[in-house]
**Student:** 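Dropping the structure in here first, questions after.
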Amino acid sequence: MKRHARARYYAHCSRPATLTATEDRYMANLGNSDNLEPLASKFSAARVILSNWLRIAGQYIAHYAVIIARNTWIVLTRLPIAVFSFIKALASADYADLLRTLYADNISTINALPSVTSAALQPSSLQQSQPDSALLLLGLLQKEGRFVDFLQEDITNYADQDIGAAARVVHQGCQRVLRQHLEIQPVFDQPEGSPITLERGFDPAVVRPTGQVVGDPPFHGALVHRGWRATAVHLPQVAVSRDLHVLAAAEVEL
């Protein structure tokens, strides 16, 4: 044992001088601040980039977390309504008819109707619409804008520029008919995107709420479409013998 320990000691003491000098130069370079500055600048730049990425990722995560939480809360608020409606519809035939009437009217919730009562939910009396005015207006659209020709044409094989050119002619003619024979005004004068409040008692036929319709009025939202209302109609008089079902007479060249 003593002989082996003495051999290791002699081997250590007899290391080449070049190895010791190399280690000394490495330690000297490691302690030199000039050599550490490029490395420090790289680490600083990497830290800045990483912090920016983490900040952006945190913003995205927070944004979508709010959206998920809001949608989850909306679903949870609807869950008691759905369970109650399901159980009551099974127990009450009148309530089932009420839900059937609402579904037929494309109304998603009872609260969307102002002051819903059993009398208000009764089907309104229907009257037979007279086709003469509709046929007369359609004939005018065909005469001025070739509206029926455009809709009856198969445009599958036409190029987009050809369809656009034809649509311009149809648009100009049909617009001329509307301005001559109808007075049309928007339901809301505000521009689209304006905030709108639907008070209790609003007419669903005039204003159609979309999106998340939950709870009781007033509803607060943004105007997506201003709507249109015909305030006056000025259709021309026609002879009694005229067949309004003929929207456009056939043409025969002689």
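Any value given below was found using the heavy atoms of this structure, including those in side chains, with hydrogens, waters and symmetry copies removed.
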**Student:** Do the side chains of F147 and L140 get nearer than 4.5 Å, heavy atoms only?
**Tutor:** no
**Student:** Is there side-chain contact between L235 and S133, with at least one heavy-atom pair below 4.5 Å?
**Tutor:** yes
**Student:** Are W228 and V187 close enough that some pair of their side-chain heavy atoms sits under 4.5 Å apart?
**Tutor:** no
**Student:** When you look at CZ of F150, are more than 12 heavy atoms from neighbouring residues, nucleotides or ligands closer to it than 6.0 Å?
**Tutor:** yes
**Student:** Go through it in stages, so that I can follow the logic: the residues are R229 and I184, the test is side chain to side chain contact (heavy atoms under 4.5 Å, CB included), and I'd like the CA-CA distance, side-chain angles, deciding distance and then a yes or no.
**Tutor:** CA-CA 6 Å; R229 184 199 307 271; I184 300 177; over 6 Å; no
**Student:** Would E192 and V224 satisfy side chain to side chain contact (heavy atoms under 4.5 Å, CB included), going step by step from the backbone distance to the final call?
**Tutor:** CA-CA 6 Å; E192 294 180 356; V224 179; over 6 Å; no
**Student:** Roughly how far apart are H220 NE2 and I196 CD1, rounded to 0.5 Å?
**Tutor:** 11.5 Å
**Student:** If we only count heavy atoms from C-beta on, is the C174 to E144 side-chain gap below 4.5 Å?
**Tutor:** no
**Student:** With side chains defined as the heavy atoms from C-beta onward, is the minimum distance between P218 and T197 less than 4.5 Å?
**Tutor:** yes
**Student:** Would you check if the side chain of T231 reaches a backbone N or O of E183 as a donor-acceptor pair within less than 3.5 Å?
**Tutor:** yes
**Student:** With a 6.0 Å cut-off (strictly less than), is the heavy-atom count around CZ of R176, excluding the residue itself, greater than 12?
**Tutor:** yes
**Student:** Would you say R146 has more than 12 foreign heavy atoms packed within less than 6.0 Å of its CZ?
**Tutor:** no
**Student:** Side chain to side chain contact (heavy atoms under 4.5 Å, CB included) between H181 and L141: does it pass, once the steps are laid out?
**Tutor:** CA-CA 11 Å; H181 302 286; L141 293 174; over 6 Å; no
**Student:** If you measure from CG on L54 to CD1 on I61, what distance do you get to the nearest 0.5 Å?
**Tutor:** 9.0 Å
**Student:** Evaluate the side chain to side chain contact (heavy atoms under 4.5 Å, CB included) criterion for residues L90 and I87: first the C-alpha distance (whole Å), next the side-chain angles of each, then the deciding distance (0.1 Å), finally the verdict.
**Tutor:** CA-CA 5 Å; L90 292 178; I87 296 175; 5.9 Å; no
**Student:** Counting only heavy atoms not in Q161, do more than 12 sit closer than 6.0 Å to its CD atom?
**Tutor:** yes
**Student:** A side-chain contact here means heavy atoms from C-beta on lying under 4.5 Å apart; do L136 and R242 qualify?
**Tutor:** yes
**Student:** Determine whether more than 12 heavy atoms belonging to other residues, nucleotides or ligands lie under 6.0 Å from atom NE2 of H234.
**Tutor:** yes
**Student:** With a 4.5 Å cut-off on side-chain heavy atoms, are E153 and Y158 touching?
**Tutor:** yes
**Student:** Could you check whether any side-chain N or O of S194 sits under 3.5 Å from a backbone N or O of Q190, counting only pairs where one atom can act as donor and the other as acceptor?
**Tutor:** no
